[in-house]
Amino acid sequence: FAPRFSAHGSFVDVYGVGILFTGRSGIGKSEVALDLVERGHRLVADDVVLMMRRNNNVIMGTSNSLVRHFMEIRGLGFIDIERMFGMRAIRFQKRLEIIVELEEWDPEAEYTRTGLQNERIKVLGATVVHIKLPIFPGKNITVIAETIALNYLLKVYGYNPAEAFSTKLKQQMEAQRAGQDSSKQWSFPYFDEDFE
């Protein structure tokens, strides 16, 4: 009797982080998931993702028994990820931690530039990270997805790169206001004789 619903997207375990890729039909969710599997990550579900709340803030995702570990690639048809890539390429369930919404690049839209704002979304009453990712031809979404997972893990373990950069920037601005030579902050004596 746990709360549950089905989502349209591709759900992948990337470095141990459960990422659900959403977006309009045909935007490339399955292709991103396939590329991640080929790079050693694990498919949980494609197309139809079943979500269920386990406790107050844990959402688990899985696939239904019919399409489990099958994937539809437009122009190719259905492929069997387990048979093609082996057991290492699949998971039967995973905790949902991030939703990455793929959307076409809109030059008029505003996108996060610093990462200081932590966008979140409610799913079955639980809160998960929500990232709107603009895409356009040539953009390497797979590497960005891996970076999203690694950045999330850094934050989980207490280090926020955006906040660290913001702190450094403020320190440099304060040093310049005080009339100090800010170039000394970036001096590394070890490298003074390094001419490679």
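Just the heavy atoms: all of them, side chains too, but no hydrogens, waters or symmetry mates, feed the values below. Just so we're clear, the structure is a prediction, and the values are computed from it rather than from any experiment.
- A 4.5 Å side-chain heavy-atom check between Glu97 and Ile19 finds every atom pair outside the cut-off.
- Using modelled atom types, no side-chain atom of Asn151 and backbone atom of Leu154 make a donor-acceptor pair closer than 3.5 Å.
- In terms of heavy atoms, Arg42 sits closest to Arg88 at CG-O, 3.1 Å.
- Note on Leu66: it does not cluster hydrophobically with Leu50, by side-chain heavy-atom contacts below 4.5 Å among ILVMFWY residues.
- Here Glu119 does not pair with Lys132 in a salt bridge; the nearest charged N to carboxylate O distance is not below 4.0 Å.
- Between Gln171 and Ser166, the closest side-chain pair of non-hydrogen atoms is not below 4.5 Å.
- Considering only residues two or more places apart in sequence or on other chains, Thr127 meets the side-chain contact (heavy atoms from CB on, under 4.5 Å) condition with Asn57, Arg120, Lys122.
- A single hydrophobic cluster is not seen to contain both Tyr159 and Val156; linkage of ILVMFWY side chains at heavy-atom distances under 4.5 Å, directly or through other members, places them apart.
- With rounding to the nearest 0.5 Å, the separation of OG1 in Thr147 from CG in Asn140 is 9.0 Å.
- Hydrophobic clustering, with ILVMFWY side chains joined whenever heavy atoms are under 4.5 angstrom apart, keeps Ile148 apart from Phe136.
- For the 3.5 Å distance criterion, the side chains of Ser63 and Arg91 fail to qualify, holding no donor opposite an acceptor.
- Side-chain atoms of Lys94 do not come within 3.5 Å of backbone N or O of Ala45 as any donor-acceptor pair.
- To the nearest 0.5 Å, atom CG of residue Asp13 and atom NE2 of residue His41 are 9.0 Å apart.
- A 4.5 Å side-chain heavy-atom check between Ile135 and Trp105 finds every atom pair outside the cut-off.
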Residue pair Ile98, Ile131: steps toward the side chain to side chain contact (heavy atoms under 4.5 Å, CB included) verdict = CA-CA 8 Å; Ile98 303 173; Ile131 297 172; 4.1 Å; yes
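- The minimum heavy-atom distance linking Ala89 with Val37 is given by the pair CB-CG1, 3.7 Å.
- Minimum interatomic distance between Gly23 and Lys29 (heavy atoms only, all atoms of both residues): O-NZ, 3.2 Å.
- Interatomic distance, CG of Leu102 versus CD of Glu31, reported as 10.5 Å (0.5 Å rounding).
- Test Asp35, Asp47, Asp46 against Ser30 for side chain to side chain contact (heavy atoms under 4.5 Å, CB included) and you get one pass: Asp46.
- Using a 4.5 Å heavy-atom threshold, the side chains of Arg53 and Val58 count as separate.
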Does the pair Met71 and Leu43 meet the rule for a side chain to side chain contact (heavy atoms under 4.5 Å, CB included), with working shown?
-> CA-CA 10 Å; Met71 181 181 284; Leu43 177 71; 3.9 Å; yes
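- Remark: the backbone N or O of Glu163 is paired with a side-chain donor or acceptor of Thr167 at under 3.5 angstrom.
- Under the 4.5 Å side-chain contact rule for hydrophobic residues, Met60 and Phe21 do not share a cluster.
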Working for side chain to side chain contact (heavy atoms under 4.5 Å, CB included), residues Ile81 and Ile79 = CA-CA 6 Å; Ile81 296 297; Ile79 59 174; 3.9 Å; yes
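- For Glu104, the side-chain contact (heavy atoms from CB on, under 4.5 Å) criterion is met by Arg24, Ile27, not counting sequence neighbours.
- In terms of heavy atoms, Arg39 sits closest to Val143 at NH2-CG2, 4.0 Å.
- Hydrophobic side-chain contacts under 4.5 Å tie Val49 into a cluster, directly or through other members, with Phe5, Phe11, Leu20, Val44, Met51, Ile59, Leu96, Ile99, Ile121, Val123, Leu124, Val128.
- Met52 contributes atom CE, which lies 4.0 Å from atom CZ of Arg54 (distance to the nearest 0.5 angstrom).
- Contact record, Thr62 with Phe92: OG1-O, 2.5 Å, taken as the closest heavy-atom pair.
- Both Val129 and Tyr15 are part of a single hydrophobic cluster, where members link through side-chain heavy atoms under 4.5 Å apart.
- Taking CD of Gln176 as the reference point, atom CE of Met173 lies at 8.0 Å (rounded to 0.5 Å).
- Within the 4.5 Å cutoff, side-chain heavy atoms of Phe85 are placed close to those of Leu34.
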